[in-house]
Amino acid sequence: MTDIEIANTIQLKPIGEIAAKLGIDSDMLEFYGKYKAKLPLSLIDENRLREKHLILVSAISPTPAGEGKTTVSIGLTEGLNRIGKKTTVVLREPSLGPVFGIKGGATGGGYSQVLPMEDINLHFTGDFNAVEKAHNLLAALIDNNIQSKTTSLGIDPRTVTWKRVMDMNDRSLRHIIVGLGGTASGIPRETGFDITAASEVMAILCLSEDFADLKERLGNIFIGYTYDKQPIYARDLKANGAMAALLKEAIKPNLVQTIEGNPAIIHGGPFANIAQGTNSIIATKMGLSLSDFVVTEAGFGFDLGAEKFFDIKCVKAGLSPSAVVLVATVRALKYHGGVKMDALKEENKEALRKGMENLEKHVENMKKFNICPIVALNRFVTDTDAEIELIADKCRQLEVPMEVADVWAQGGKGAEKLARLTAKVAEQCVCRLHPLYDWNWSIEKKVETIAKEIYGAAAIDYTSQAKNDLKKIISLGLDKLPVCIAKTQKSLSDNPKLLGRPKDFIVTVRQIEIASGAGFVIPITGDIMRMPGLPDSPSAERIDVDKEGRISGLF
């Protein structure tokens with residue numbers, strides 16, 4: 001059966017019953033129908049966070065199809081609840097771009113899903129829409145001020161980098177001209193659209209602690225310069241109040257349920273290559289306030305999502321995970337061993353051995369943060385016992401515990417062994433997170449530390465554009481912000497063609513962007529796509545709805 005067919009066989013519980021498992025009275029919920037609700041920020045209890053266990057799920061460098069971090073995160077949550085651990089899974093919200101494009105949604109799969117999956121993967125509670133509107137309000141205010149004859153701040157339109165956003169894959173909007181149509185229609189200038197998940201407003205929402213913090217961060221968004229070279233921020237346009245008003249409901253986490261009727265909190269959805277790639281601080285703290293265990297994930301491989309989770313989110317929020325679960329798959333390891341995508345189902349122990357260099361590097365990286373590591377092998381039906389045993393042998397050599405997770409086919413039952421291992425490691429772990437770098441270091445030192453320690457680079461090169469950007473960042477006093485390096489997820493390096501464990505490569509920083517509202521700078525390596533296009537046969541062509549309102553073709 002497909003994911004949606006499996007989901008349609010499940011009798012959902014009213015969201016009030018799910019809230020009751022967390023000790024929440026229904027009167028405190030803001031209902032969005034029978035099966036979705038917003039949670040008030042008052043439920044967060046900062047005093048209870050340290051006594052709880054935060055489990056991060058990451059992955060090795062993925063294949064184009066992904067390795068199932070969300071599916072494993074949900075299955076592990078089911079497994080932990082099955083063995084008597086009060087656990088909530090806390091995830092990002094899906095973007096419509098992948099839903100209608102090629103990769104699919106972000107609600108798990110098979111018998112390891114969060115529900116109602118159609119609602120979550122489509123409009124959900126409107127959070128993405130609110131982020132989109134807040135972002136585009138600022139874009140409109142910028143162009144309005146440039147056009148104004150009475151309240152103009154003297155913004156030089158050539159320095160404005162703030163684009164517009166929409167939650168859809170539409171390559172034709174990547175580069176556009178606005179302001180055409182005569183003097184009444186504005187000042188013509190080049191701009192474009194990014195997908196909503198790439199908005200700095202999304203990153204801000206997910207790093208804000210409360211309404212006051214949200215409003216201040218929105219005001220700190222860097223816009224550009226005036227003609228006399230003075231920096232302009234969103235607060236100078238008096239934009240942050242109205243932007244925060246549009247996000248009044250979006251800042252509240254969303255409560256839904258897993259396929260086995262356990263609590264799931266889903267909130268925010270920033271990209272993992274140009275932003276922090278994880279759900280909101282508020283959602284994570286909400287889960288820790290209400291449960292004994294929280295399972296969460298960070299986007300793409302450990303080198304992207306997990307590094308940013310630790311060095312940006314955890315440092316900002318004062319969080320320290322009790323364990324990290326690294327998801328690996330037989331197919332991904334064979335892919336890193338040189339096997340083409342169409343041959344990954346065939347047993348190939350030689351390629352598997354070669355590809356395990358990628359696993360080895362990610363395990364080394366996990367240990368650099370002083371967090372207890374675990375490997376979870378996400379099992380596919382094509383995996384052979386011989387291949388699985390090879391990976392188990394490698395994990396024993398690396399001195400990292402491993403369990404097989406068969407969660408797509410079996411749900412929580414297929415994760416019970418992994419759950420017992422995870423609970424044991426988390427409860428016995430006495431380590432505290434050791435960030436890779438100090439925010440007060442220079443930007444060059446922070447970039448060098450990540451590139452050499454996590455990616456395995458030999459050296460870092462800066463283009464003339466990046467060097468000029470660095471001077472600008474220092475002049476603005478933003479050089480003490482953490483770095484959120486943007487690079488391909490397909491390789492440990494900045495070259496997507498270098499699979500496995502590349503060595504002796506040079507990372508080239510092409511430019512450094514400012515995300516002063518989110519509170520980080522973004523060194524750009526490689527070619528990062530912020531507005532994806534649709535494939536030749538997009539998923540949208542297969543999605544339909546019948547006269548009863550039942551959706552089909554959604555995964």
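One-based numbering along the sequence shown.
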message: Working note: Asp544 + Ser552, criterion side chain to side chain donor-acceptor pair (under 3.5 Å); need CA distance, chi angles, decisive distance, verdict.
response: CA-CA 5 Å; Asp544 200 358; Ser552 61; 5.2 Å; no
Supply the atom-to-atom distance [X] [atom1] to [Y] [atom2], rounded to the nearest 0.5 angstrom.
{"X": "Thr278", "Y": "Ile312", "atom1": "OG1", "atom2": "CD1", "answer": "11.0 Å"}
{"X": "His336", "Y": "Lys354", "atom1": "NE2", "atom2": "NZ", "answer": "12.0 Å"}
{"X": "Arg82", "Y": "Lys413", "atom1": "CZ", "atom2": "NZ", "answer": "7.5 Å"}
{"X": "Leu115", "Y": "Lys13", "atom1": "CG", "atom2": "NZ", "answer": "12.0 Å"}
{"X": "Leu80", "Y": "Glu78", "atom1": "CG", "atom2": "CD", "answer": "10.0 Å"}
{"X": "Ile60", "Y": "Phe300", "atom1": "CD1", "atom2": "CZ", "answer": "14.5 Å"}

Backbone N or O of [Y] within a donor-acceptor pair of the [X] side chain at under 3.5 Å?
{"X": "Glu307", "Y": "Ile450", "value": "no"}
{"X": "Thr508", "Y": "Asp461", "value": "no"}
{"X": "Lys308", "Y": "Ile485", "value": "yes"}
{"X": "Asn378", "Y": "Thr329", "value": "no"}
{"X": "Lys86", "Y": "Leu290", "value": "yes"}
{"X": "Asn370", "Y": "Arg432", "value": "yes"}
{"X": "Asn279", "Y": "Thr296", "value": "no"}
{"X": "Lys394", "Y": "Arg353", "value": "no"}
{"X": "Asp311", "Y": "Leu436", "value": "yes"}
{"X": "Trp408", "Y": "Gly108", "value": "no"}

What closest approach, in Å, do [X] and [Y] show between heavy atoms, and which atom pair accounts for it?
{"X": "Ser58", "Y": "Gly301", "result": "OG-C, 3.7 Å"}
{"X": "Pro253", "Y": "Ala283", "result": "CG-CA, 4.0 Å"}
{"X": "Ala272", "Y": "Leu304", "result": "O-CB, 3.9 Å"}

- request: Indicate the ring-plane relationship of Phe310 and Phe369, choosing parallel, tilted or perpendicular according to the 30° and 60° boundaries.
  value: tilted
For [X] and [Y], does a side-chain donor sit closer than 3.5 Å to a side-chain acceptor?
{"X": "Glu5", "Y": "Thr9", "result": "no"}
{"X": "Lys85", "Y": "Thr422", "result": "no"}
{"X": "Ser61", "Y": "His362", "result": "yes"}

- prompt: Who passes salt bridge (charged side-chain N to carboxylate O under 4.0 Å, His left out) against Arg174, sequence neighbours left out?
  reply: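 Result, salt bridge (charged side-chain N to carboxylate O under 4.0 Å, His left out) vs Arg174: none returned.
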Should [X] and [Y] count as side-chain neighbours, where that means a heavy-atom distance under 4.5 Å?
{"X": "Met341", "Y": "Thr63", "answer": "yes"}
{"X": "Tyr455", "Y": "Lys487", "answer": "yes"}
{"X": "Leu498", "Y": "Leu492", "answer": "no"}

Pair Asp303-Lys490, salt bridge (charged side-chain N to carboxylate O under 4.0 Å, His left out): steps then yes or no: CA-CA 10 Å; Asp303 53 312; Lys490 297 177 181 179; over 6 Å; no
- prompt: Under the salt bridge (charged side-chain N to carboxylate O under 4.0 Å, His left out) criterion, do Glu403 and Lys417 qualify, and how do the steps go?
  reply: CA-CA 7 Å; Glu403 278 292 353; Lys417 290 183 179 179; 5.4 Å; no
- request: Could you name each residue pair satisfying salt bridge (Lys or Arg N to Asp or Glu O under 4.0 Å) that touches residues 275-289, not counting sequence neighbours?
  value: Glu46-Lys285, Glu209-Lys285
field: Pairs flagged by salt bridge (Lys or Arg N to Asp or Glu O under 4.0 Å) wherever residues 332-351 is involved - sequence neighbours left out
entry: Lys334-Glu387
Do [Y] and [X] meet the salt-bridge criterion of a basic N to acidic O distance under 4.0 Å?
{"X": "Glu357", "Y": "Lys503", "value": "no"}
{"X": "Lys367", "Y": "Glu399", "value": "no"}
{"X": "Arg379", "Y": "Asp385", "value": "yes"}

- request: Determine, stepwise, if the pair Phe100 / Asn169 fulfils side chain to side chain contact (heavy atoms under 4.5 Å, CB included).
  value: CA-CA 8 Å; Phe100 292 121; Asn169 290 0; over 6 Å; no
- request: Decide side chain to side chain contact (heavy atoms under 4.5 Å, CB included) for Leu76 and Thr87; before the verdict, give the C-alpha distance in whole Å, the side-chain angles of both, and the deciding distance to 0.1 Å.
  value: CA-CA 9 Å; Leu76 176 57; Thr87 307; over 6 Å; no
- prompt: In this structure, which one of Asn254, Thr125, Asp119 forms a side-chain hydrogen bond (donor to acceptor under 3.5 Å, both in side chains) with Lys36?
  reply: Asp119
message: Is there a salt bridge (charged side-chain N to carboxylate O under 4.0 Å, His left out) between Arg420 and Glu416? Walk through the geometry before answering.
response: CA-CA 6 Å; Arg420 290 191 182 94; Glu416 287 187 13; 3.6 Å; yes
